[in-house]
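Here's the structure, in structure tokens; my notes come after.
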Amino acid sequence: METDFLVIGSGIAGLTFALKAAEFGEVAIITKKEEAESNTNYAQGGIAAVFGKNDTFDLHIQDTLNTGSGLSNEKAVRMMVKEGPRLVRELVDLGVTFTRERDTFDLWQEGGHSRNRIIHARDLTGREIENALISRVKENPRITTFENYLAIDLLVEEKRKSRCGGTLIFITSTGETESFYAKVTIIATGGIGQVYLHTTNPRIATGDGIAMAYRAGAQIANMEFVQFHPTSLFARKNQERSLLISEAVRGEGGILRTRKGTPFMEKYSEEGNLASRDIVARAIDSELKKWGDEYVHLDLTHLPARRIREQFPNIYKACLGYGIDITVEPIPVVPAAHYTCGGILTDLEGKTSIEGLYVAGEAACTGVHGANRLASNSLLEALVFAERAFKSSLKYIQKKIQDDKAGGLQDSISQFSHLQISASSNPLPDAIILSHLREEIRRLLWDYVGIVRSTPRLERAKREISAIQEEVEELLKTSATTSDLIELRNIATIAELIIQSSLTRKESRGLHYNTDYPDRDDRIWGRNTLLSRK
Ligand code: FAD
Ligand code: SIN
């Protein structure tokens, strides 16, 4: 199989890239489940962009830099903030319907924002965007979407190991593997939430793109900065994905209280309930430990019931499904893994350290978020940097065609290889062992590499993950390939990267808090943590 632009992933980053690239060439989107299944589809709060009358680019830039705790790349932040409003208007032209207030967007408030600037479609912003983009993709004759195509490993040039020519795929419906060649490959595979026991992310979020890029030799940055959303619904049963209770709920006046009813956020921050996520998540963690409680309460009952139902129809309905009427009773909430600020290191044009390989969206580390992400900056970053990646990949293709008029893609195909995968004649791996190992990793990360870390716990996690990885490598050699096994390998790799980066950073900053190094140290640690496979 062969194409001009190969897009891995069908969330906001992949779909945005694909629609732009299709104006210039053939595009293939491969996606490992149904096309809409993505983190994008579950986004609630919205997109941060400067539309408010009393808002300015400088204020949005400053809020983003403050939240990033000294590690954001200011140039990247400026680009994102300034290019954002144009791309939000483009979304409207593509058919996205945002909630409006008279002749302008209705703007929500979220933690860390000094102004109301969250454009939203009630509390189902992600679904609205995903559906509109998918509709446009379906209408486009130059884009083909391959559902249930799971990227296993990148095809890299054998000699130099520094050029990407596509990816090896596993077709989940048939169990076959194939090579998909492309002039340009873009990783838009989203986040890593599933590496933790409690997460707001759906099952697809296993960090595949980051793990593949690491195996292929790309540079990976800042994996210690995992964002825990302070408020996901507490459920007694262990779930694959916890229901998010949007930060906009606190923006609208929701109050965090202990189970006894005492508000506690004022103790931790002047911003109270609207402090940035790292502060709120740690405050909840500390209250839970202090009182030995399993959850705290998020209380909206002082707000008019009609307003709650109108503003948050999805959250209201979903909570009713758990037997909680949020207009008359508080919501039991706990923090859950939500977002990775780290990822595949890229420049401001979405280029990775491997030629022909681009990245956008949550899988990328563009430098925007630094040590912590400002709420609702993720969809914005994905939009802006998907477009930038498209522009630079187009230049790359055009130059390649000029340089290589006679040869073209066909000639170079034989040069690409991937890491070995096991023979399909091997027996299927034992499903119980795979699910047990997956749970083991998720619990290990939750217990030892969570909101508050310590060096002995991280060391212990490192030892345990390395033993699990040995077991997974053995399974890869002796069993037939399955999607569960491929994801297990990726989850284990992501766990390794998070642990390694956390051990490397000997300070506390933003989302990374280590009790053995509780202070921020700008002299030594005001820089990215970089990892690459030797
Ligand atoms: P995704 O949307 O996650 O898409 C990744 C795609 O890659 C999927 O299609 C997936 O199936 C595919 N894929 C993955 N691995 C493979 C593979 N190996 N082979 C083939 N395909 C693969 N951010 C905001 O800015 N505002 C919000 O209000 C907001 N709310 C959120 C609420 C929730 C519950 C969650 C989970 C996240 C929220 N975020 C929000 C974060 C934001 O939604 C994501 O960061 C963003 O959508 C990521 O987009 P993406 O295109 O990079 O990845
Ligand atoms: C939310 O609605 O709280 C999620 C917003 C985000 O992750 O940016």
Side-chain angles (χ1 to χ4, degrees), residues 6-17 29-49 108 110-113 118-121 123-127 129-130 133-134 145-154 167-170 172 180 186-194 199-212 227 229-232 241-251 277 312 315 336-341 343 359-364 369 373-383 385-386 483 486-487 490:
L6 177 61
V7 181
I8 313 178
S10 56
I12 187 170
L15 296 173
T16 300
F17 182 98
I29 302 176
I30 59 171
T31 189
K32 70 178 173 180
K33 284 210 156 178
E34 302 76 41
E35 57 193 343
E37 190 55 1
S38 57
N39 273 1
T40 302
N41 202 36
Y42 296 90
Q44 291 183 350
I47 308 189
W108 269 346
E110 284 182 338
H113 289 275
I118 316 301
I119 295 134
H120 61 100
D123 56 352
L124 286 171
T125 311
R127 190 172 305 172
I129 295 174
E130 185 73 18
L133 293 178
I134 285 178
T145 303
F146 298 86
E147 291 184 315
N148 302 311
Y149 271 42
L150 170 66
I152 307 177
D153 257 320
L154 296 168
T167 180
L168 183 71
I169 43 166
F170 180 73
T172 53
F180 211 134
I186 174 149
I187 293 181
T189 47
I192 56 103
Q194 286 289 324
T199 178
T200 62
N201 291 192
R203 194 178 160 98
I204 54 105
T206 48
D208 298 357
I210 301 173
M212 286 192 304
Q227 184 168 69
H229 197 292
T231 56
S232 77
R241 183 181 89 82
S242 312
L243 175 72
L244 180 75
I245 310 295
S246 174
E247 193 145 319
V249 167
R250 276 178 287 128
R277 282 183 193 169
F312 305 109
I315 294 172
H338 184 59
Y339 183 84
T340 172
C341 293
V359 60
E362 195 167 337
H369 308 305
R373 173 176 70 94
L374 184 64
S376 288
N377 263 354
S378 164
L379 294 172
L380 182 69
E381 184 207 33
L383 268 182
F385 287 90
S483 47
I486 295 165
E487 285 188 348
N490 291 333

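Just the heavy atoms: all of them, side chains too, but no hydrogens, waters or symmetry mates, feed the values below. Source: prediction; values computed, not measured. One-based numbering, in listed order, for ligands and for the atoms of each.
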* Indicate yes or no: does R250 engage E247 in a salt bridge with an N to O separation below 4.0 Å. =>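 Yes, R250 and E247 are salt-bridged.
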* **Under 3.5 Å: N/O of L379 near N/O of ligand 1** =>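 So ligand 1 has an N or O lying under 3.5 Å from an N or O of L379.
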* To do: Could you tell me whether some N/O pair between P202 and ligand 1 is separated by less than 3.5 angstrom?
  => no
Quick one: does [X] get a heavy atom under 4.0 Å from ligand 1?
| X | value |
| --- | --- |
| G209 | no |
| T125 | no |
| T200 | yes |

* Asked: Nearest heavy-atom pair of S232 and A336: which atoms, and what distance?
  ->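 Between these two residues, the closest heavy atoms are OG-CB, 3.5 Å.
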* Asked: Where is the tightest heavy-atom contact between I118 and A375, given as atom of each residue plus distance?
  -> CD1-O, 4.4 Å
To which protein heavy atom is [atom] closest, and what is the distance rounded to 0.1 Å?
| atom | answer |
| --- | --- |
| atom 40 (C) of ligand 1 | A43 CB, 4.0 Å |
| atom 3 (O) of ligand 2 | E247 N, 2.6 Å |
| atom 44 (C) of ligand 1 | E362 OE1, 3.2 Å |
| atom 14 (C) of ligand 1 | T189 O, 3.4 Å |
| atom 34 (C) of ligand 1 | Y42 O, 3.5 Å |
| atom 8 (O) of ligand 2 | S376 N, 2.6 Å |
| atom 42 (C) of ligand 1 | S378 OG, 3.5 Å |
| atom 2 (O) of ligand 2 | S246 OG, 2.7 Å |
| atom 35 (C) of ligand 1 | H338 CE1, 3.5 Å |
| atom 7 (O) of ligand 1 | G9 CA, 3.1 Å |
| atom 5 (C) of ligand 2 | R277 NH2, 3.0 Å |
| atom 19 (N) of ligand 1 | A151 N, 2.8 Å |

* Answer yes or no: is there a side-chain heavy-atom contact under 4.5 Å between E362 and I192? => no
* Asked: Would you say Q227 contacts ligand 2, with heavy atoms under 4.0 Å as the rule?
  ->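 It does not; every heavy atom stays at 4.0 Å or beyond.
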Sub-4.0 Å atoms of ligand 1 with respect to non-hydrogen atoms of [X]:
| X | answer |
| --- | --- |
| I30 | 20 (C), 21 (N) |
| T31 | 9 (O), 11 (O), 20 (C), 21 (N) |
| N377 | 25 (O) |
| R373 | 23 (N), 24 (C), 25 (O) |
| G361 | 52 (O) |
| G46 | 24 (C), 25 (O), 26 (N), 27 (C), 28 (O) |
| Y149 | 19 (N), 20 (C) |
| E37 | 8 (C), 9 (O), 10 (C), 11 (O) |

* Between OG1 of T31 and CD of E37, what distance do you get to the nearest 0.5 Å? ->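 Output value for this atom pair is 9.0 Å.
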Hey, which atoms in ligand 2 end up nearer than 4.0 Å to a heavy atom of [X]?
| X | result |
| --- | --- |
| H229 | 1 (C), 3 (O), 4 (C) |
| L244 | 1 (C), 2 (O), 4 (C) |
| A375 | 8 (O) |

* Verify side-chain hydrogen bond (donor to acceptor under 3.5 Å, both in side chains) between T125 and H120, making sure each step is shown before the conclusion. => CA-CA 5 Å; T125 311; H120 61 100; 5.2 Å; no
* To do: State which residues pass ring pair (Phe, Tyr, Trp, His ring centres under 6.0 Å) with F312; sequence neighbours excluded, sorted by chain then number.
  =>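 So F312 forms a ring pair (Phe, Tyr, Trp, His ring centres under 6.0 Å) with W108.
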* Closest candidate by heavy atom, reference atom 43 (O) of ligand 1, pool N39, I152, T172 ->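 The residue whose heavy atom sits nearest atom 43 (O) of ligand 1 is N39.
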* Structure fact -> Filtering A188, A382, A48 for the heavy atom nearest atom 5 (C) of ligand 1 leaves A188
* Asked: What part of D123, side chain, backbone, both or neither, has a heavy atom within less than 4.0 angstrom of ligand 2?
  -> neither
* Determine the sole option in R373, H369, Q227 for which the side chain to side chain donor-acceptor pair (under 3.5 Å) test with Y339 is passed. =>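 Exactly one pass, corresponding to H369.
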* Is the closest N or O pair between G45 and ligand 2 shorter than 3.5 Å? ->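 For ligand 2, there is an N or O atom that lies under 3.5 Å from one belonging to G45.
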* To do: Please state which part of D208 comes within less than 4.0 Å of ligand 1, counting heavy atoms only: side chain, backbone, both or neither.
  =>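 Side chain only; the backbone of D208 stays clear of ligand 1.
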* To do: Mind checking whether Q44 contacts ligand 1 via backbone (N, CA, C, O), side chain (CB onward), both or neither, at a 4.0 Å heavy-atom cut-off?
  => backbone
* Asked: Do Y149 and F180 have ring centres separated by under 6.0 Å?
  -> no
* Residues that D208 engages under salt bridge (charged side-chain N to carboxylate O under 4.0 Å, His left out), provided they are two or more places apart ->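 With sequence neighbours excluded, D208 shows a salt bridge (charged side-chain N to carboxylate O under 4.0 Å, His left out) to K32, given in chain and number order.
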